[in-house]
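Worksheet: the structure to be examined is printed underneath.
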Number of protein chains: 2
Amino acid sequence: MSSADADADWSIQEIARLSGATSRTLRHYDDIGLLPPSRIGGNGYRYYDEHALARLQRILLLRELGLGLPAIAEVLEGQTSNTDALTTHLHWLRQEQQRLDRQIGAIETTIRKLRGGEQLMAEEMLDGFDHTQYKQEVEERWGKDAYAKSDAWWRGMSADEKESWRARAERLGSDWIAAVASGIAPDSDDAQALARRHVEWLASIPGTPGAHRDYVIGLGEMYVADERFGANYGGTEGATFVRDALRVYAEANL
Amino acid sequence: MSSADADADWSIQEIARLSGATSRTLRHYDDIGLLPPSRIGGNGYRYYDEHALARLQRILLLRELGLGLPAIAEVLEGQTSNTDALTTHLHWLRQEQQRLDRQIGAIETTIRKLRGGEQLMAEEMLDGFDHTQYKQEVEERWGKDAYAKSDAWWRGMSADEKESWRARAERLGSDWIAAVASGIAPDSDDAQALARRHVEWLASIPGTPGAHRDYVIGLGEMYVADERFGANYGGTEGATFVRDALRVYAEANL
DNA sequence: CTAAACGTTGACGCTGCGTCAATGTCAAGC
DNA sequence: GCTTGACATTGACGCAGCGTCAACGTTTAG
């Protein structure tokens with residue numbers, strides 16, 4: 001009979017799995033009165049029916065939108081309408097976003113200042129390279145004019161082009177940092193995909209050897225050796241990861 | 001002698017005022033070992049010298065950029081370089097921003113769905129107006145074709161124009177909500193400036209009476225009476241504030 | 001009958017202080 | 001020498017939303 005289904009209720013773990021919330025969360029919602037169980041067994045166990053499940057779904061939906069539990073409670077009590085609550089919350093989110101915008105701008109400015117100048121990216125890159133132990137090797141292999149060529153390329157760009165290039169470099173750095181944070185290995189598929197992107201990015205800089213095996217490997221070493229470069233990849237730890245990933249990639253594909 | 005100045009140190013309240021932090025914050029920084037006082041009196045009082053003050057300034061600077069106290073400690077200990085810490089933090093801020101972006105998008109979508117359709121803004125505005133107690137008065141004064149005209153105006157806009165108009169309306173709503181939250185009075189200068197903006201915005205909609213005294217006042221009443229409009233201003237409370245501000249403005253200027 | 005799985009009620013932890021509370025100290029004026 | 005007010009101290013709770021033990025009953029499958 002279907003009445004058996006209609007009267008059914010579930011244990012705390014069962015709705016936890018049905019809804020995606022944890023049992024701890026459900027007990028918390030009970031504690032603060034947001035979602036009391038529909039029934040409590042003689043053993044103290046909490047049981048929930050489909051009514052409670054529906055209420056839970058609404059709670060989780062609003063929570064995903066970022067509303068606080070008290071605000072959610074007001075909506076469910078009918079004291080506040082959905083649109084009212086969401087509009088208010090939307091406003092607060094916009095404030096937060098502006099705050100982040102300002103912080104990001106301030107940090108970018110600070111980082112650039114710490115580097116000692118805005119347009120030194122390219123100079124630093126090759127200048128830094130020269131500072132490494134690989135200087136001789138590089139000059140022998142790719143010529144002493146590599147620096148000059150790249151410098152001319154950089155100076156030839158418009159401000160917008162420079163900004164776009166910088167943004168691209170930052171996105172790459174951001175992804176490297178995320179990769180490190182996620183705990184994957186340098187030889188994993190994801191890391192190797194990043195390495196490929198990195199090499200393609202390098203190849204887009206004229207005057208450099210580009211996708212050349214020893215150049216890529218040497219560059220990786222430099223990221224670790226020179227803090228100014230490592231900073232783009234989340235510091236020494238990140239730079240080490242990038243170096244290892246690049247080496248694996250270069251030895252396998254270049 | 002200048003040596004008297006060089007050896008000076010300050011009480012906790014004094015550096016609090018010098019730095020802008022509160023004394024509670026300073027005691028907290030002492031508790032967690034982030035900024036110990038340079039000297040502790042026999043009475044247990046904390047005293048700070050110019051060295052400690054400089055350290056405090058660095059702390060506050062990094063804190064403004066959003067870094068956590070443990071991260072700041074690492075930087076000051078020299079375990080992490082400035083650029084490393086800032087780059088890592090920058091990455092985390094970007095993640096947060098994307099999260100907010102997604103939430104904002106989801107909420108806007110939800111609100112529009114709740115309203116029952118995207119492009120009903122203008123229709124709702126005048127339709128809702130008609131539903132109020134002011135319908136007769138409005139029709140008598142401004143003619144029955146006001147709705148039709150405005151409807152035609154809205155439908156004549158391109159998608160981009162509509163979006164831009166919607167964004168403008170949302171910014172206005174956002175500012176109203178901020179005004180209410182800040183606790184100012186409806187007849188304050190700031191609120192009246194908003195009212196002016198609001199009226200100018202109204203006047204930009206063809207087919208409406210625009211900056212007409214009774215129209216503006218009646219519209220304000222409608223915001224309170226009809227929840228669909230009040231939602232744009234943070235709910236009933238916000239709508240009431242807008243109504244009062246508009247009335248004051250209209251009676252004084254129109 | 002037993003072990004595994006699941007249930008319960010506490011209670012601490014995290015971020016960065018704001019905010020009392022209870023109490024001691026110091027400088028200035030009478 | 002005493003009072004007063006400003007300033008100092010060390011706790012300790014509170015906030016948002018659960019995660020994470022801990023210590024201990026209950027149900028269920030084998």
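Each chain gets a letter, A, B and so on, in the order its sequence line appears, and its residues count up from 1. Atoms considered below: every heavy atom in the structure, side chains included; atoms not considered: hydrogens, waters and symmetry mates.
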* **Side-chain donor/acceptor of Tyr29(A) to base of dG17(D), under 3.5 Å** => no
* **Proximity to the side chain of Thr22(B) - top-ranked nucleotide from dC6(C), dC7(D), dG18(C)** => dG18(C)
* Asked: On DNA chain C, nearest-nucleotide positions of Asp30(A) versus Leu67(B): which is more 5'?
  -> Asp30(A)
* Rounded distance in Å - NE2 (His28(B)) to P (dC15(D)) -> 18 Å
* Between Arg24(A) and Tyr45(A), who's closer to the 5' end of DNA chain C by nearest nucleotide? -> Tyr45(A)
* When we call it a touch if two heavy atoms are under 4.0 Å apart, what does Gly41(B) touch: a base, just sugar-phosphate, or nothing? -> nothing
* To do: Figure out the NE2/C1' separation between His89(A) and dA16(D), and round it to whole Å.
  => 14 Å
* Rounded to whole angstroms, how far apart are CZ on Arg17(B) and P on dA6(D)? -> 12 Å
* NA contact type, Leu69(A), heavy-atom cut-off 4.0 Å: base, sugar-phosphate, or nothing? -> sugar-phosphate
* Asked: Where the side chain of Asn43(B) is concerned, which of dG18(C), dG17(D), dT25(C) is the nearest nucleotide?
  -> dT25(C)
* Asked: Is any NZ, NE, NH1 or NH2 atom of the basic residue among Arg102(B) and Glu96(B) found under 4.0 Å from an Asp or Glu carboxylate oxygen of the other?
  -> no
* Asked: Taking for each residue the nucleotide of DNA chain D bearing the nearest heavy atom, is the 5' side occupied by Pro70(A) or by Ser23(B)?
  -> Ser23(B)
* For Thr25(B) and dG16(C), is the shortest distance between a side-chain N/O and OP1 or OP2 below 4.0 Å? -> no
* Please walk me through it: do Glu64(A) and Arg58(A) pass salt bridge (charged side-chain N to carboxylate O under 4.0 Å, His left out)? -> CA-CA 10 Å; Glu64(A) 276 179 29; Arg58(A) 292 194 63 192; over 6 Å; no
* What nucleic acid atoms does Arg27(B) come within less than 4.0 Å of, heavy atoms only: base, sugar-phosphate, or nothing? -> base
* To do: Remember a base hit wins even if backbone is also touched, and classify Ile12(A) as base, sugar-phosphate or nothing at under 4.0 Å, heavy atoms.
  => sugar-phosphate
* Asked: Does the dT8(C) base have a donor-acceptor partner in the side chain of Arg46(A) within less than 3.5 Å?
  -> no
* Let me know the distance between CG of Leu26(A) and P of dC18(D), rounded to the nearest Å. => 10 Å
* To do: Figure out the CG/C1' separation between Asp31(B) and dG11(D), and round it to whole Å.
  => 10 Å
* **Distance, rounded to the nearest Å, where Glu14(B) contributes CD and dA6(D) contributes C1'** => 12 Å
* To do: Go through the steps for Arg39(B) and Asp49(B) under the test salt bridge (charged side-chain N to carboxylate O under 4.0 Å, His left out), then give the verdict.
  => CA-CA 8 Å; Arg39(B) 177 171 74 83; Asp49(B) 59 16; over 6 Å; no
* Asked: Rounded to the Å, how far apart are Ile32(A) CD1 and dG10(C) P?
  -> 17 Å
* Asked: Are the aromatic rings of Tyr233(B) and His198(B) close, with centres under 6.0 Å apart?
  -> yes
* Taking the side chain as every heavy atom from C-beta outward, state whether Tyr29(B) and Ile59(B) have any atom pair closer than 4.5 Å. => yes
* Asked: Separation of Ile72(B) atom CD1 from dT15(C) atom P, in whole Å?
  -> 13 Å
